[in-house]
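These notes concern the structure reproduced below.
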2 protein chains.
Amino acid sequence: MQTVLATAGLAPVFATALLNEGVAQAPSIRAGAELRGGMRRTYEADAEIFAEGDRAATFYKVVTGVVRTYKLLSDGRRQIDAFHLPGDIFGVEAGEEHRFNAEAVTETKLAVHRREPHALSGDDGTLAREVVAAMMRSLERAQDHMLLLGRKSAKERIATFLLGLSRRMASRGAAIELPMSRADMADHLGLTVESVSRAVTQLEREGLIELPPNRRAVVLRDVRALNHLAG
Amino acid sequence: MQTVLATAGLAPVFATALLNEGVAQAPSIRAGAELRGGMRRTYEADAEIFAEGDRAATFYKVVTGVVRTYKLLSDGRRQIDAFHLPGDIFGVEAGEEHRFNAEAVTETKLAVHRREPHALSGDDGTLAREVVAAMMRSLERAQDHMLLLGRKSAKERIATFLLGLSRRMASRGAAIELPMSRADMADHLGLTVESVSRAVTQLEREGLIELPPNRRAVVLRDVRALNHLAG
DNA sequence: CGTCTGTTTGACGTAGCTCAAGGAGTGTGG
DNA sequence: CCACACTCCTTGAGCTACGTCAAACAGACG
C-alpha cells in the first residue's frame, strides 16, 4: 500500500529518483541481478526492440545507449514521442500490447523486466515505485512536448530540444553529443530534416550554439538566450 | 502493495475503469462522501480552478461539466493539453506545484481530493488505483496527441478530435455537443480559430459531418471516412 | 430590437515543406 | 595510403498549408 499511496500522495522525490541512478545500481541483492536490475540485452544501432501491437510482456530500462519510441501513420509519417537515455524506463503499457515501436538509436544495452507483479516484488517495491515515477516523468515530458509541437517555431523547438538534452545527458560543460540523426530530430520535433538543419544553422550563425565539422555535437554558447527562445 | 504491483503489472482493466464510472458512484461508505467521492465544488464557465505554480495540495475528478488544462508561453501562446470530461481525473502532480492552468469550460462540478496519503487510505485503495490508472490514460492520450500535433494536417486533426470526443462523451447516436469554443479547439489542436473553422466547414461540405445552425454540435455522418482521415 | 460574442469567410502573407543538388565525414577496397 | 562510395547534412529555389488581418454574419440574450 505504501507505494501507491506515495504515488497518489506523490512524494516529489520519486519524480527525479531514477535520473540520479543511471547505469550504476547495486546489483547484488539476494535474488541476484536478474531481479534488481533485470536481464541484460544488447541491441545494435537501429535494431528493433519491439513493435506496435507486440505483446507487452516486458518493459525496459536503458543501461547505456539511446532508444527512440515512435508511432507511424499509415502513409509512413513518423512521430518520435521520446528519446530514452540511460536510466530511463520505457515500454510500460496499460493494456496488453505495445502502443509504440521502439528502436535503438545507438548501440544500446537494456535491462529487461517482466511485467508480472511477482517479478516486481523484490524487497520494498523499489522497482514498482520507479516504474510509477517513470510514468509520471513521461507524462510531464509529453505535456511539455505538446506545447512545443502545438505552439513553438522551428528555432524555438531546436532550442528547447537542445536544452532538454543537455539537462538530461550528464554533459561535460555545455557540449552535447547528438546521438540521433537530423531525421530523428525532425520526427521528434514535428519538422522536416531540412527545417531542422536550417534552424540549427541559424542558431549557429547567431552565436547561440556551435557545432564541430561533423555536426553531430553541439556546444551551447548562450544558454540564457536559448532559454529565452525556449520560452 | 497489491495496488502498485497491479500498476507495474498493469491489469488492462484499470485503464478503462474510470470511464465507466462517470457521475454515478456509491457515496455512502462509513467515512462519508468526503472520502470516497471527495468534497464537491462547483465552478462557473471560465472560472479558474488552479494556476501554474499553485501549490498542488489537491487533485480533482470531474463530476459534471468540462475542464481545460493548459500551458502558456510568455507571449500568450496557449496549448490546451487536454479537455477533461466527467469521470476524468486531473491535477495530479509529481512535484509540489501545478504545472498547468485549469479552468472550467462549462459550468462544472468537481470532486476535490487532498493529495495526502491518508486521505486515500479509504478501504482497499480504490481511489489510489484510479489515480494511477488516470495517469496512465493521460499519458496514452498525450502520446496520441503528439502524433496529431507533430504530423497531422488540419483536417486530420479535426477528424481525430471529433472521433475522440465522440468516443469519450456518451453521445446519443453520432451527435456530439461541442462544449468548447473554436478558440479552445484551436489551442488544443495547434491551429488558429480560422483554420479550425475552415477545416470544419470543409468536412461539412464533403459530407463527413453535419452541424446545426449554431455550430456548437456535430453529427458524424461518415465515421468510416473520418477514421480513415484520422489515420 | 439591438448589442454582444463567437463563427465564418475572404484576401493576402509567410514559415516551413518539397524537390533538387551539392558538400563533407566516414568507411571500404585496392 | 589513397580513391571511391555511401550516407548524412546542408543549401537553394520555389510551393503550399496554414497563419494573419479584416470584415461580415448569426445565434443568444437582455
Side-chain angles (χ1 to χ4, degrees), chain A residues 44-46 68 73 75-79 105-107 148-162 177-206 209-218 229, chain B residues 44-46 66 68 73 75-80 105-107 148-162 177-206 209-218 229:
Chain A
E44 59 184 6
D46 296 321
R68 59 178 172 255
L73 253 18
D75 64 356
R77 279 173 286 175
R78 182 178 70 151
Q79 178 65 35
V105 173
T106 61
E107 172 159 326
L148 178 151
L149 292 172
R151 288 297 179 226
K152 291 185 185 178
S153 71
K155 242 168 69 179
E156 291 169 339
R157 291 178 199 210
I158 297 293
T160 307
F161 177 71
L162 293 178
E177 289 292 313
L178 293 179
M180 72 289 292
S181 67
R182 294 294 185 269
D184 282 348
M185 287 174 57
D187 284 349
H188 183 49
L189 300 177
L191 299 169
T192 58
V193 174
E194 295 91 332
S195 292
V196 170
S197 182
R198 281 188 248 269
V200 167
T201 302
Q202 200 180 343
L203 289 176
E204 188 182 25
R205 272 203 273 268
E206 292 166 357
I209 60 177
E210 200 177 324
L211 287 88
N214 81 354
R215 321 246 89 198
R216 278 303 199 109
V218 180
L229 253 184
Chain B
E44 62 184 2
D46 297 321
V66 179
R68 59 178 171 255
L73 254 17
D75 63 357
R77 279 174 286 174
R78 182 178 69 151
Q79 177 65 37
I80 294 177
V105 172
T106 62
E107 172 159 327
L148 179 150
L149 293 172
R151 290 295 177 228
K152 292 186 186 176
S153 71
K155 243 169 66 180
E156 292 170 338
R157 292 178 199 210
I158 298 294
T160 307
F161 177 71
L162 293 179
E177 289 292 313
L178 293 178
M180 72 289 291
S181 67
R182 294 294 186 268
D184 281 349
M185 288 175 56
D187 285 349
H188 182 49
L189 301 177
L191 299 169
T192 58
V193 174
E194 294 91 333
S195 292
V196 169
S197 181
R198 280 187 249 267
V200 167
T201 301
Q202 199 180 343
L203 288 176
E204 188 182 26
R205 271 202 276 264
E206 293 166 358
I209 61 177
E210 200 175 323
L211 287 89
N214 81 355
R215 319 248 89 199
R216 278 304 199 107
V218 180
L229 253 185

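Residue numbers start from 1 in every chain, and the chains themselves are labelled A, B, ... in the order their sequence lines are given, proteins ahead of strands. Fair warning: this is a prediction, and the values are worked out from it, not measured in the lab.
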Which is it for B:Gln79 and B:Leu149 under the side chain to side chain contact (heavy atoms under 4.5 Å, CB included) test, yes or no, and what are the steps along the way?
-> CA-CA 11 Å; B:Gln79 177 65 37; B:Leu149 293 172; 3.8 Å; yes
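- Between the CZ atom of A:Arg215 and the C1' atom of D:dT11 there is a distance of 12 Å, given to the nearest Å.
- Pairs of residues two or more places apart, or lying in two chains, that qualify as salt bridge (charged side-chain N to carboxylate O under 4.0 Å, His left out) and include a residue from residues 178-202 of chain B are A:Arg151-B:Asp187, B:Arg68-B:Asp184, B:Arg78-B:Asp184, B:Arg78-B:Asp187.
- Along DNA chain C, read 5' to 3', the first and last nucleotides having any atom under 4.0 Å from a heavy atom of chain A are C:dG16 to C:dT26.
- Judged by distance alone, the side chain of B:Ser197 and the main-chain N or O of B:Val193 form no donor-acceptor pair under 3.5 Å.
- When the local axes at the two ends of the helix from C:dC1-D:dG30 to C:dG30-D:dC1 are compared, using 5 base pairs at each end, they differ in direction by 30° after rounding to 10°.
- Contact between A:Arg157 and A:Leu189 at its shortest, heavy atoms only, is NH1-O, 2.7 Å.
- Judged as a side chain to side chain contact (heavy atoms under 4.5 Å, CB included), and not counting sequence neighbours, B:Ala45 has no contacts.
- With sequence neighbours left out, A:Arg216 forms a salt bridge (charged side-chain N to carboxylate O under 4.0 Å, His left out) with no residue at all.
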Mark up nucleotides 23-30 of chain D, 5' to 3', with B wherever a protein heavy atom is under 4.0 angstrom from a base atom, S wherever such an atom reaches only the sugar-phosphate, and - elsewhere.
-> ----SS--
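- B:Glu107 pairs by the side chain to side chain contact (heavy atoms under 4.5 Å, CB included) definition with B:Thr42, not counting sequence neighbours.
- Scanning for salt bridge (charged side-chain N to carboxylate O under 4.0 Å, His left out) contacts around A:Glu210 gives A:Arg221, with sequence neighbours left out.
- Shown here are the salt bridge (charged side-chain N to carboxylate O under 4.0 Å, His left out) partners of A:Glu204, two or more places apart in sequence or in another chain: A:Arg215.
- Partners of A:Pro212 by side chain to side chain contact (heavy atoms under 4.5 Å, CB included), not counting sequence neighbours, listed by chain and number: A:Asn214, A:Ala217.
- Atoms CD (A:Glu204) and P (D:dT10) sit 8 Å apart, rounded to a whole Å.
- Between A:Ala159 and A:Leu203 the shortest heavy-atom distance is N-CD1, 4.3 Å.
- Between the P atom of D:dC8 and the CG atom of A:Leu178 lies a distance of 15 Å, rounded to the nearest Å.
- With sequence neighbours excluded, the residues that form a side chain to side chain contact (heavy atoms under 4.5 Å, CB included) with A:Ser195 are A:Leu191, A:Thr192.
- As a whole-Å value, the separation of B:Arg77 CZ from D:dT20 C1' is 15 Å.
- B:Arg157 has its CZ atom 13 Å from the C1' atom of D:dG19, to the nearest Å.
- A straight line from CG of A:Asp46 to P of D:dT7 spans 12 Å, rounded to a whole angstrom.
- The two residues A:Pro179 and A:Val105 make their nearest non-hydrogen contact at O-CG1, 3.4 Å.
- The stretch residues 187-200 of chain A comes close to DNA chain D through A:Val193, A:Glu194, A:Ser197, A:Arg198, each having a heavy atom under 4.0 Å from the strand.
- Atom CZ in A:Arg151 sits about 11 Å away from atom C1' in D:dC18, given to the nearest Å.
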